[in-house]
Amino acid sequence: MGIFEQSQIPLNAAIKAMKLDDGAAAIIAKPEKTTEVNIPVRMDNGKTKVFTGYRCQHSTVMGPAKGGVRYHQNVSMDEVKTLAFWMTCKCAVAGLPYGGGKGGIIVDVRELSDGELERLTRGYIDKIANVIGEKKDIPAPDMNTNAKVMGWMMDEYSKITGQFEPGFVTGKDISLGGSLGRAAATGRGVVTAALEALKVKKIKAKGATCIVQGFGNVGSWTAKLAHDAGFKILAVTDVYGGIRSDDGIDPYKLEEHVKKKGSVVKFKGTKEIKNDEFFAMDVDVIFPCALEGQITKDNAGEIKAKIICEGANGPTTPDADVILDKKKIMVVPDILANGGGVTVSYFEWVQNLYRYFWTEEEVIDRQVKLMVKAFAEVHAISQEFKVSLRVAAYIAALRRISVAMRFRGMY
Ligand code: GLU
């Protein structure tokens, strides 16, 4: 089963539980628009290479499509469609006036120079310029893209339209209209969601144990903010390997190490850990903050954690969900737990439209309040319908989206 097909399993469970109208269910099941482009890039050696990219607007029912652009060698249209679908639901769970979109380019960023990456980014924007825009579809960072890439996107798009376009993309540097608190936002949301989950499980945050998979933007900020909230981090992994320490890992010192060495491996005072041992660790919370499909039917049975709080998009497969449900492990789903990034993207967009900027305290305060409210709503739905938090989150999303569809006269 492909990833898009898999992603429809909890959606269909929600549709069934809430008895959603067939028309609304049929609309949400298909992306509105998908675009595939081929981008020629002049490489540093003078040769031309062609890269394939995608942009998908899954839904614009609630507002312009919104979602990041991923640069990765495994990007595919199926993955982009799935990620766009998750964005539609994520924005609706958070109550943002957005639909969902996503983009991606098939590229291994480790093989490109900065200049090649810039030309590729500009070429991608040139090709998709007609389907994106402040009121149409607003890109943002995702895996292997950051404020620097967003700056190139904004510059290229501003050249095409002939006007300053800060609101066309979020996750920008502060100098270009980026929002304070955006870089930490996804991690902050993940930790906020985990703290709410701990309250439900009646576990104190101070001294709660956790492990973090991934140490990119989401993983590193999750680790740092979890540490600040009193969590003890027992293990961290990245693409190159994993480390563990029973005394706890200081994520700030680990970040310094990663800056120098490019990976978490061989961090002072830690031992090596393999991926299968990692997920089987006896901790309060697992933070999967890397790729899709990490917790599967093959390792879910070994999991001893009380809570899984999904920083990544789609880290748990539907068959793993069944096992985790049986074991009464609370899974705080991606579309709730990692909605902090797009929430602060929304704040950035609002500040761009107004050309008036908020303090970091204002951003954080609004983000945390919004996420605590979203968690409470999803948790209440899960109690009411006797479903997992994942299915409850889809019900929360579908409720909002289906009302908007009805008032637009779509069904
Ligand atoms: N790429 C992030 C996500 O998957 C952020 C999207 C955005 O800010 O639009 O949620």
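The residues of the chain are indexed from 1 along the displayed sequence. Both counts, for ligands and for their atoms, begin at 1 and track the order of listing.
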inquiry  = As an exercise, state the distance from CD1 of Ile28 to CG of Asn12, rounded to the nearest 0.5 Å.
reply    = 11.0 Å
query = Any side-chain heavy atom of Met330 within less than 4.5 Å of one from Lys306?
reply = no
ask   = What is the ring orientation for Phe4 with Phe85, classed by angle as parallel under 30°, tilted 30 to 60°, or perpendicular over 60°?
value = perpendicular
task = Check salt bridge (Lys or Arg N to Asp or Glu O under 4.0 Å) between Glu256 and all other residues, then give those that pass, not counting sequence neighbours.
result = Lys259
message = Under the rule for side-chain contact (heavy atoms from CB on, under 4.5 Å), what residues qualify as partners of Lys159, not counting sequence neighbours?
response = Arg122, Asp155, Glu156
N/O contact list for ligand 1, threshold under 3.5 Å:
unit_1   : atom_1 : unit_2 : atom_2 : d
ligand 1 : 1 (N)  : Pro141 : O      : 2.8
ligand 1 : 1 (N)  : Asp142 : OD1    : 2.8
ligand 1 : 4 (O)  : Lys90  : NZ     : 3.1
ligand 1 : 4 (O)  : Lys102 : NZ     : 3.1
ligand 1 : 4 (O)  : Asp142 : OD1    : 3.4
ligand 1 : 4 (O)  : Asn313 : ND2    : 3.1
ligand 1 : 8 (O)  : Arg182 : NH2    : 3.1
ligand 1 : 8 (O)  : Ser345 : OG     : 2.5
ligand 1 : 9 (O)  : Lys66  : NZ     : 2.8
ligand 1 : 10 (O) : Lys90  : NZ     : 2.7

query = Residues two or more places apart in sequence or in another chain: which of them pass ring pair (Phe, Tyr, Trp, His ring centres under 6.0 Å) with His257?
reply = Phe267
